[in-house]
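Down below is the structure, laid out as structure tokens.
These values consider heavy atoms only, across backbone and side chains, with no hydrogens, waters or symmetry-generated copies. Quantities reported herein were computed from a predicted structural model and do not represent experimental measurements. Just follow the structure's listing: the first ligand is 1, and inside any ligand the first atom is 1.
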Amino acid sequence: MNKQPIGIFDSGVGGTSIWKEIHTLLPHENTIYLADSANAPYGLKNKEAIVSLSVKNTEYLINNGCKLIVVACNTATTNAINYLRNTYDIPFIGIEPAIKPAALQTKTNTIGILATKGTLSSELFSKTSGLFASNIKVIERVGNGIVELIESGKLHSEDMRSLLSNYLKPMLEANIDYLVLGCTHYPYLIPILLELLPTNVKIIDSGEAVARQTKSILEKNRLLNLSNANSNNQFITNGNPKVLASLLNNHYKVEYLHF
Ligand code: DGL
């Protein structure tokens, strides 16, 4: 059981930002990464559709022997993780925008959050936000178009730069000092964001926390792979394998599969 892979899925290539954190912390764990790029973006779909796509991805990973599943997508987590946990027997790790650390550390009492429509309009997000950020100002912004550009291989483009400066404008006018990245595609934007943001604005994402939580849940369930062998990491997409491979610096083989 312990040598069985960790399953990781996202609406597309963005969850590789989470896979990297997990692989760094747990290099001997075998993994299967599933990119549902043919159905991206999830962020514009309704809850029902997001749950049904999450079920499809989960069943593929369970049928391929995964011992635990990381939902490496804020949109799928905030809309579907309760359903998945109530339906399947294995542990699930999710990812949510890191509002809590930003709310605790802000000095200007104002934080910005960039996420998909599906995440920002979810019940889980409003619950977390009400719990941790009710005393501060939160400038929310839907990152329309960002996932689409990344999925089509246009991460480093003028279009991306101008989208981002538009989304940041109202946040900077409101004097944010923390920017929360609420989508797993967005860590890939950090080099561009660093150029656009003044130096006093810090960027927060939840990737490392998800990797630590994955390790802790594996330990608690006695599921850690204790072998010292090199891990086997499988990457599967129903979209363009080249885009996924490029985010992995072309170090891994990517398989195309219709799922
Ligand atoms: N990576 C997904 C997330 O974290 C992107 C969602 C989408 O496909 O719109 O929300």
Open item on the list: Quick check: Asp10 and ligand 1, any N/O pair under 3.5 Å apart?
Closed with: yes
Quick one about Asp177 and Thr108 (side-chain donor to acceptor, distance below 3.5 Å, no hydrogens or angles considered), yes or no?
yes
of all protein heavy atoms, closest to atom 6 (C) of ligand 1 is Thr75 OG1, 3.3 Å
So the atoms of ligand 1 within less than 4.0 Å of a heavy atom of Pro41 turn out to be 7 (C), 8 (O), 9 (O)
Margin query: For a quick check under 3.5 Å, do Ser165 and Ser162 share a side-chain donor-acceptor pair by atom type?
Written below: no
Taking only non-hydrogen atoms of His185 and a 4.0 Å limit, the atoms of ligand 1 in range are 1 (N), 2 (C), 5 (C)
Q. How about Asp36 and Tyr42: does a side-chain donor come under 3.5 Å of a side-chain acceptor?
A. yes
Look at ligand 1 and say whether Gly12 reaches it with a heavy atom at a distance under 4.0 Å. no
Taking the basic N atoms (NZ, or NE/NH1/NH2) and the acidic carboxylate oxygens, is any pair closer than 4.0 Å for Glu123 and Lys127?
no
* Say whether Thr119, considering both its backbone and side-chain N or O atoms, lies within less than 3.5 Å of an N or O atom on ligand 1. => no
Tell me whether the rings of Phe92 and Tyr88 are parallel (<30°), tilted (30 to 60°) or perpendicular (>60°).
tilted
* May I ask you to check whether Gly43 has an N/O atom sitting below 3.5 Å from an N/O atom of ligand 1? => yes
Counting heavy atoms under 4.0 Å, the part of Ser11 that contacts ligand 1 is side chain
For Thr116, the atoms of ligand 1 under 4.0 Å from one of its heavy atoms are 6 (C), 9 (O), 10 (O)
Going by heavy atoms, is Gly14 under 4.0 Å from ligand 1? no
To the nearest 0.5 Å, atom CG of Leu244 lies from atom OG of Ser37 at 7.0 Å
of all protein heavy atoms, closest to atom 7 (C) of ligand 1 is Tyr42 N, 3.2 Å
The answer for which part of Asn74 has a heavy atom under 4.0 Å from ligand 1 is both
task: Look at the aromatic rings of Phe235 and Tyr33 and report parallel, tilted or perpendicular, splitting at 30° and 60°.
output: tilted
- Query: Are Glu21 and Arg212 ion-paired here, with the side-chain N under 4.0 Å from a carboxylate O?
  - Reply: no
